[in-house]
Structures are given as structure tokens and as C-alpha cells.
Amino acid sequence: MAIRSSIILGTGSYAPERILTNEELSQKIETSDEWIRSRSGIRERHIAAPGEATSDMAVQAGRRALADAGLTPEDIDLLVVATVTPDMTLPACACIIQHKLGVPTHAACFDLNAACSGFIYGLDTASAMIQSGRYKKALVIGVDKLSAIVDWNDRNTCVLFGDGAGAVVLGGSDQPDTGVLGAKLGAYGDSVNLLCVPAGGSSNPATAEAIAAGDLFMKMKGKEVFKLAVRAMDEAARDILEQHGFHSDQIALVIPHQANLRIIDAVASYLKLPMDRFVVNVDRYGNTSAASVPLALDEARKAGRIKPGDITLLVAFGAGLTYGSALIRW
Ligand code: UT7
């Protein structure tokens, strides 16, 4: 039986203890705190400990979201994990997380790869499954350990990324017009080469030559990604507002993907919204890919920036290039 709404029952997040500052990076590669801060807004990022896998970070965030919701892992019958850095290529990271967290074996568990838009893709997918009435409680986790796939000698990329996890618990409600109101998802598949890990997949397996060429690391054309990102985020935000008949003024808080402060600035000016309506934590975490939006969402909630009845806009873009936006009424 279909139920009306998918609502957020709890949120949680986790970032590894180790903080890597711009200053430290500038001692290892040719860069500077000034360059990184002025071009991206990033001051520092968190880096997973040796042996700390994507699943370990996800478990921490998942536990916190469940505690916040007053639920236990046994209550979960759907686990969706958005990540581009699973523990292994096979099987799904969701199955590893299921086991570590103690989610029951009758729960559906799967991964989803939409890079930095992954959490919004996961939120929309899980919400539709909750709204169908076929699943009761979903745990949606956005998690990435980008430190495992960046080339620490490539200053064009390594200064921008960090590790972390964020999670939400979803449940059904008969109250109409509340919770996840809707989402707008899309992708520009013609721009795959702007941001990718060229080898390690079926088209270019992880041979000794591919490893030696550095093709198992992330490659990015930053300038092109920047331009597409601003356009995609602006359009995704406008589309979802229009679909639901909202003016940007009615949005209490925007939770954008934390890739670059200048991208967030540009989106704010296109939407004609002041920066204080945007959650910004890119300075402390860098770009944590699929973890970025749920981590910012959790921080905003815990800081009391979201009140009952508020409408929150989530918006992101990422490798693919994918984009996504979602509206939540609290
Ligand atoms: O989730 C999606 C992930 N990706 C993104 O969001 C990336 C989007 N793009 C960006 O955020 C920006 O394009 C960057 C931060 C990557 C770069 O900023 P930019 O203002 O577009 O700089 P640029 O690429 O035009 O580089 C300017 C200069 C270059 O030198 P030349 O060619 O002008 O002499 C780079 O070699 O800065 C140099 N550079 C650096 N210098 C010091 C590049 N990286 C660094 C660095 N430190 N880390």
C-alpha cells in the first residue's frame, strides 16, 4: 500500500580524526595555503587513518543517524550507500556495512555511484521505495574515502578532497506534503572525461602499465568542471523550485555540495539568495564527494539551523557529470 510521505527521522555524520592542513600540504607539494584558500575556500580536510576503510566511516555515520532517530540497526529494511570509493570493487560496500552495522539479512542493500550527487540520488531512490509502502525504514549513507584515489603528487586535485561520511534515516508518514517533497536528477554523460579514474574498470583493467601511468588515480579538468558545475547546480535548483511552485525566497536553508566556495558563491548569486542561507563547511572538510551534502545537513541540524516547517534545498553535482536537487519540508 502506497503511503504519502518519506520523512527524515534522524541524521548523523563522521569525519576521521586526522586533519591535514594546507600548510602541511604546502610542505609536500608546490602549493600554498593562500592559493588553496583563494581558489577553493578550503583550509583543511580530514584523512582516514591507515586501515580505516569507507565502510568503517559509513558505520560511524550510520550509527549516529540511527541513535538520532531512536532506532537500532534491526529496524532497517533498506540500506542505500552512495560512494565512488567502495572497500572493494566487488561486492557492494552496502553488504560490508550491513554486516559491520548489524542490519538484518532481510534488508535490501545496494551501492549507488553518482559521485558527489550520490547522496541526493540515494535519498530520492530510498524515498520512492519508502513511499511505495514496501520498505519501512531506510538508512541512506553518503560516504567517500577520496584520499585512496587521489594522486598525492598532483596539486591540481589532491588539495581539494577529503574523507568523510553522512547518513539519514527515512521512514514513512501519512501526513501529506512533508519530508522529501521531490528531487530532480540528471547527468551530462558526454563529460565523463572531465573527472574520472581512467583505469581499474573493465575498459582499462588495473595492469602494471596502468598503475605505473598513474591511471588508477583521479584525473580532473578543473576549469571545465567548474563551469558545468555552476550551470548544473543553478538549473537543478531552479527546476525543483519550479516543479513545486516555490520561489527561492521561501527556502530557509540551501545545503549545496561542498566542492569550492566560489561555486557556492556563484550559485547563491544566480539564485539571488544571501550566503547566510547556505551551509558552508568546505573550509574544514574539502570536497568529500558523496559525504558532502549529508555531512553538511547533519551539521546544520545539530547547530539548530533547521526548524520544524522549514524548507531545505539540497543541490549537488559530481563526476559523470551528474547533478541533483531535492526539497525537504521538516
Ligand atoms: O565534485 C566535483 C569535483 N571537482 C570540482 O569541483 C572542481 C571544480 N573546479 C575548481 O574548483 C577550480 O577549477 C580549481 C580549484 C580546481 C582550480 O581553480 P582555477 O581558478 O580554475 O585555477 P586554474 O585551473 O586556472 O589554475 C590556475 C593556475 C595554473 O597555473 P598556470 O597554468 O596559470 O601557470 C595551475 O597550474 O594554478 C596552478 N595550480 C596550482 N597552484 C598552486 C593548480 N593547482 C595548484 C595548487 N597550488 N594546488
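Counting starts at 1 for both ligands and their atoms, in listed order.
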*Side chains of E74 and T72: do they bring a donor and an acceptor to under 3.5 Å?*
yes
Could you tell me which atoms of ligand 1, counted from 1 in the order shown, lie closer than 4.0 angstrom to a heavy atom of [X]?
X	answer
N156	43 (C), 44 (N)
H257	1 (O)
L195	2 (C), 3 (C)
A259	6 (O)
C116	1 (O)

_Side-chain ion pair, D234 and R238, N-O less than 4.0 Å_ = yes
_Per-residue contact class, V159 against ligand 1 - non-hydrogen pairs under 4.0 Å_ =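 The answer is the side chain of V159.
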*asked:* If we set the cut-off at 4.0 Å for heavy atoms, which region of L160 has an atom near ligand 1: side chain, backbone, both, or neither?
replied: side chain
*Among T288, D33, V225, closest by any non-hydrogen atom to atom 5 (C) of ligand 1*: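 Answer by nearest heavy atom: V225.
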*For atom 24 (O) of ligand 1, state which one of K223, E224, R262 supplies the nearest heavy atom.*
K223
*Any chain of hydrophobic side-chain contacts (each under 4.5 Å) joining V84 to L160?*
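Per the 4.5 Å side-chain linkage, V84 and L160 are co-clustered.
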_Quick check: is V168 connected to L71 through a chain of hydrophobic side chains (ILVMFWY, heavy atoms under 4.5 Å apart)?_
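Not linked; separate clusters.
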_Residue from S5, S6, S132 passing side-chain contact (heavy atoms from CB on, under 4.5 Å) with S127_ =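 That would be S6; it is the only one of S5, S6, S132 passing the side-chain contact (heavy atoms from CB on, under 4.5 Å) with S127.
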_Atom CD of Q175: over 12 foreign heavy atoms under 6.0 Å_ =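 12 or below, so no.
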For [atom], what is the nearest protein heavy atom, given as residue, atom name and distance?
atom	result
atom 9 (N) of ligand 1	G222 O, 2.9 Å
atom 15 (C) of ligand 1	N260 ND2, 3.7 Å
atom 29 (C) of ligand 1	R155 NH2, 4.9 Å

*Share the residues that join L295 in a hydrophobic cluster, the rule being Ile, Leu, Val, Met, Phe, Trp or Tyr side chains under 4.5 Å apart at the heavy-atom level.*
Y285
_Distance-only N or O hit between ligand 1 and W35, under 3.5 Å_ =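 N/O-N/O distance below 3.5 Å exists for this pair.
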*Taking only residues two or more places apart in sequence or in another chain, which ones pass salt bridge (charged side-chain N to carboxylate O under 4.0 Å, His left out) with D56?*
K100
*Does at least one non-hydrogen atom of I36 fall below 4.0 angstrom from an atom of ligand 1?*
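The answer is no, since I36 has no heavy atom less than 4.0 Å from ligand 1.
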*Applying a strict 4.0 Å limit to heavy atoms, is L25 in contact with ligand 1?*
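No, L25 has no heavy atoms under 4.0 Å from ligand 1.
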